[in-house]
Asker: 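Input: one structure, supplied below.
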Amino acid sequence: MKRTGFGGWKWHLLWLMRFFLLWNNTEAQTRYTIPEELNVGSVVGNIVKDLGLKMSEIYDRKLRIVSEAGKQYFSVDLRKGEMVVNDRIDREKLCGQNTNCLLQLEVVIENPLQLYRVDVEIQDINDNFPHFQSKDRVLKIAESTVPGVRFPLESAQDPDVGSNSLKSYSLSSDECFSLKIKDLGDGRKIPELVLEKALDREKKAVHRLLLTALDGGNPVRSGTSQINITVLDNNDNNPVFKKSVYKVAVPENTPKGTSFLKVDAMDLDEGLNGEIQYSFGEHTPNAVRTLFHIDPDSGEITLVGELDYENIPSYNIEISAKDKGVPEMEGHCTVQIEVSDVNDNPPQIVLTSQPNPVREDAPSGTVVALISARDIDSGANGQIVLQIHPEYPFILKPSFSNSYSLVTNGVLDREVFPEYNIEVIAFDSGSPPLSSKTIVPVRILDVNDNPPVFSDTSYNVYLTENNIPGTLICSVSASDLDFGQNAKITYSILDSKIQGASISSYVYINSENGSIFSMHSFDYEKMKMFSILVQAKDQGSPSLSSNATVHVFILDKNDNAPVVIYPSAVMGSVSHQRMPRYAKVAHLVTKVTAVDADSGHNAWMFYRLLEATDMSLFIVNLHTGEVRTKRSVSEQDDTSQRLLIEIRDNGEPVQSSTVTVDILLEEGLHEPVSDIDQRRTDGTKKSSKITFYLIISLAAVSVLCCLTFVILLVKCARNGNGRTSCCIRRSDTDGYKNPNRNLQIQLNTDGPIKYVEVLGGDMLSQSQSFGSCLSPLSEFSDFTLVKPSSTIDFKDLNVLDASLPDSTWTFESQQQKPPNNDWRLPPNQRPGPSGAGARPEEAGVVSGTGPWPNPPTEAEQLQALMAAANEVSEATATLGPRYNAQYVPDYRQNVYIPGSTATLTANPQQQMPQQALPPPQAMPPAEPPKAAQTPASKKKPTKKDKK
């Protein structure tokens, strides 16, 4: 039918003004109402705003519209967030005669995956004219037909619905005919031509009428059909059907050739006027004629095509029965065929969105894919259930009708299952049920959840000292179970301090393969061991790391020569010593003390006399370095003797050093007395080279002495119990006793000269004053014997009474006794200057014993006291190299009092609580003493030594 363009664009504008966009959002569903035939690009609504989204999200989250109709009628304007018409929408083509035309859309957004249901209701507009299938129709009516007889006419068709559908008919004016409308009850109306007045063929043989069909639109549209009525002579009776309407239900799977209905009509006429032939109505569509066939003689209707409930659920067929009279008469009836649904369509599984790769750390409930199922069957046959295997860490969560979300429901581990192929099965509820399945691949994205793992948590590496810089120390390796960048490992060294310097200044590591190289040569004497904390870090986000410790042990080489620490040659390479002119055999002249910075066998030292003015006069102990007389000094011996002593270590190659000692033979020599005034004058001329460590040493010695005396006094007071105080108990075996001796120690801090004065003497002897002077401007620690003084006023001084009984000190005379075991460690534990282990030649022998020529003087006692205090202080100080406990040398052998043959030992009968010094078993590992530092022995203490 030709369509007029009445209204044109004004018509669409009118609809746009009349039907504003309606929407509501109920449980994530949005509905719009629009008229049909909108122009392409017309705005349906702001879908971004209506769904509560942001403009920026439509790009990032890939918003798109999926139509269940298959054709994409709508699209989204990404610039404005509006849903616009994308194609011409013809409601009649989409929904036919259905009053409610609803187009269902699905809006899909990703990251995270979400589904929104949008319903667009298409409203009808009056864009179709009512039309008749035939423009002209011929009716033959006998003139004998009585008035009141009705003749059904062809119904007009209008694709529009609602108020725009067909509403009424009108007939052009004629005195013999009128128009009546018959309502069939299903919404259809059939026009009927009613004979109002008997026909008279002789007056008018043909009547021409115009039938007009009108719809209810605004403006009203209409269609017409020309009816030509021919007046015939008599055939009085029309065929009449037993039923005006036949109803039958036919299953859609009925096979072809099946007869399912028989119509029957009767004609009261006789002969040819009573013989009836059946046929489909003149206006039966060809689609119906291809499906059904009616037998013209019997009226039996047979199925000749295939029914499909999903396409056409029902048919209304007009059946005509005509006799063979002249004029022929006919009767009409309607056959209503209802097609019964059969479960003949399996469910269809549709992936609304392709499955997104999911991170392995995704929480339970993360949407992976949107899945919908469709079954075009109806009722129970169209009810669908989706299932997946329960062993998968996923579940199907229903969202809308037959729409599901595939979500995570367990822990994902890419290292175990990098990908899942999930089989989704759909069942309907028909009998028998039909099913279908599809595979949904889900790829698991790696997350950096596995830290690198070292092959070992701790590495022990041994490196010989004096290595070449750049030497490969070791290589560490780690592995990572993750994938890609998350498994790419870089190695680094965590910053730490070694002897106050960053470890990065000692070693560096190849960040790719974990090889550790040295940056300079290591010195065992400065550093014996250090640890490297290596970190393996992957390149994930956030990155994970693990640590391993590399312990580097420096192995010693014999690269240090022995260093002589006593006697020290201050002004040159010659040391001056004095001894009595009439010294006896085995008189202790002096003792050479040396240290070797190496360790183990490399630190064993041997002393040897290379040259001497008189080789027959002196002998040097091989292991202790004691210089003694081989014979008594005679008148013929020179008053000046020069000795060249060599000190060798036990390393390979052998390292050695020498010291030259000048010995002056003097008569009546007892104590060397120094001029304190001259010392102070000379001290002011020396350059200010005092070091921080010497100040600490002096302070430590002073504090330790004070603490020692206080502890001794407290212990004596506790153990008194009314008896004679332990401070005045004496040993029965003392060889030398002086009950009236009284010593007092005073620390004088006035002025630039710091010194300790020891005052004492008995009533019968001359009082002595001894001072240990230390100038901050001097680089030497000098012990000075002050000239005798008996006129010192002690009342104005802060004097610490340090009176000690004679039993505290024991001086061996005439014959020196072996060292007490309480003071000395086993020989195999002395790697220092006085012996570095047990030697076959000294097993069971104590060297260096000799007679004491004279009784000990107060000066000798004082020097022994200061040496012992200094030794205790150095045992706890942080200066100098540190030795292991099993290699602590016996430095009491180094305590030498010039001008005498005395050596300091402990009183074997003195009780432990009475000792002024703690026993060596309770002392920490001792360190070499630094009585007088030489340039070779001035080493900066390491951080490890300080600890």
Side-chain angles (χ1 to χ4, degrees), residues 562-595 604-649 656-672 812-819 833-835 839 841-842 845-854 860 863 890 892-904 931-932 934:
V563 177
V564 178
I565 61 174
Y566 186 85
S568 60
V570 178
M571 303 304 295
S573 61
V574 179
S575 174
H576 299 279
Q577 302 291 330
R578 298 177 184 180
M579 63 174 288
R581 175 69 181 182
Y582 302 104
K584 303 299 182 179
V585 178
H587 174 79
L588 179 62
V589 179
T590 185
K591 182 175 182 178
V592 178
T593 302
V595 294
W604 288 358
M605 287 179 293
F606 305 93
Y607 300 86
R608 186 165 64 102
L609 182 61
L610 289 181
E611 298 177 5
T613 304
D614 186 352
M615 295 291 291
S616 66
L617 182 58
F618 299 98
I619 185 173
V620 178
N621 188 285
L622 178 64
H623 303 302
T624 64
E626 293 179 346
V627 180
R628 296 181 180 271
T629 56
K630 294 175 64 176
R631 57 178 175 81
S632 299
V633 181
S634 64
E635 292 289 346
Q636 290 76 22
D637 292 329
D638 294 337
T639 58
S640 177
Q641 299 285 334
R642 171 164 291 194
L643 307 180
L644 179 62
I645 301 173
E646 180 190 39
I647 303 97
R648 294 183 297 107
D649 60 21
S656 65
S657 60
T658 60
V659 61
T660 302
V661 179
D662 277 356
I663 301 175
L664 181 63
L665 303 180
E666 296 182 357
E667 296 184 2
L669 177 64
H670 295 284
E671 288 285 330
E812 300 178 1
S813 60
Q814 303 304 322
Q815 184 174 356
Q816 186 176 0
K817 296 181 181 180
S834 58
R839 302 178 181 85
E841 63 270 25
E842 68 174 0
V845 179
V846 179
S847 302
T849 61
W852 289 94
N854 297 309
E860 293 172 349
Q863 288 184 342
D890 184 9
R892 277 172 301 282
Q893 300 180 26
N894 299 334
V895 179
Y896 166 67
I897 303 175
S900 70
T901 60
T903 57
L904 181 62
T934 64

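Bear in mind the structure is a predicted one, so any value in this text is a computation, not a measurement. Here, residue 1 is the first one in the sequence, and each next residue gets the next number.
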Asker: What's the shortest heavy-atom distance between His587 and Pro580, and which atoms?
Answerer: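 Distance-wise, the nearest heavy atoms are NE2-CD, 3.7 Å.
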
Asker: Hey, does Met579 have a side-chain heavy atom less than 4.5 Å from the side chain of Leu665?
Answerer: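 Sidechains of Met579 and Leu665: in contact.
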
Asker: Tell me, with the steps shown, if Arg631 and Leu617 meet side-chain contact (heavy atoms from CB on, under 4.5 Å).
Answerer: CA-CA 6 Å; Arg631 57 178 175 81; Leu617 182 58; 3.9 Å; yes

Asker: Counting distance only, does the side-chain N/O of Ser657 pair as donor-acceptor with the main-chain N or O of Pro562 below 3.5 Å?
Answerer: yes

Asker: Can you tell me how far CZ of Arg648 sits from CG of Leu622, rounded to the nearest 0.5 angstrom?
Answerer: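 Leu622 atom CG to Arg648 atom CZ measures 8.0 Å (nearest 0.5 Å).
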
Asker: I want to check something: taking the side chain as every heavy atom from C-beta on, are Lys591 and Asn621 in contact at a cut-off of under 4.5 Å?
Answerer: no

Asker: What distance do Ile647 atom CD1 and Arg608 atom CZ have between them, rounded to the nearest 0.5 Å?
Answerer: 11.0 Å

Asker: I'd like to know if the side chain of Thr629 reaches the main chain of Lys584, judged simply by a donor and an acceptor atom lying under 3.5 Å from each other, with no hydrogens or angles considered.
Answerer: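 Judged by distance alone, yes, a pair lies under 3.5 Å.
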
Asker: Please give me the minimum heavy-atom distance between Val620 and Tyr607, naming the atom from each residue.
Answerer: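 So the two residues come closest at CG1-CB, 3.7 Å.
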
Asker: Using 0.5 Å steps for rounding, measure from the CD atom of Glu646 to the CZ atom of Phe606.
Answerer: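 The CZ atom of Phe606 is 12.0 Å from CD of Glu646, to the nearest 0.5 Å.
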
Asker: How long is the span from the CZ atom in Arg642 to the CZ atom in Phe618, to the nearest 0.5 Å?
Answerer: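 Spacing of CZ (Arg642) from CZ (Phe618) equals 13.0 Å.
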
Asker: Any side-chain heavy atom of Val661 within less than 4.5 Å of one from Val627?
Answerer: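 No, their side chains stay 4.5 Å or more apart.
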
Asker: Could you grab the distance from atom OG of Ser632 to atom CG of Asp637, nearest 0.5 Å is fine?
Answerer: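 CG of Asp637 is found 10.0 Å from OG of Ser632.
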
Asker: Quick one: do Asp614 and Lys630 make a salt bridge, cutoff under 4.0 Å?
Answerer: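 Judged by the 4.0 Å cut-off on N to carboxylate O distance, Asp614 and Lys630 do not form a salt bridge.
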
Asker: Is there a side-chain contact between Ile619 and Leu609, using heavy atoms and a 4.5 Å cut-off?
Answerer: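 A side-chain contact is absent here, since even the closest heavy-atom pair is not under 4.5 Å.
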
Asker: Measure the CD1-NE2 distance between Ile663 and His576 for me, rounded to the nearest 0.5 Å.
Answerer: 12.0 Å

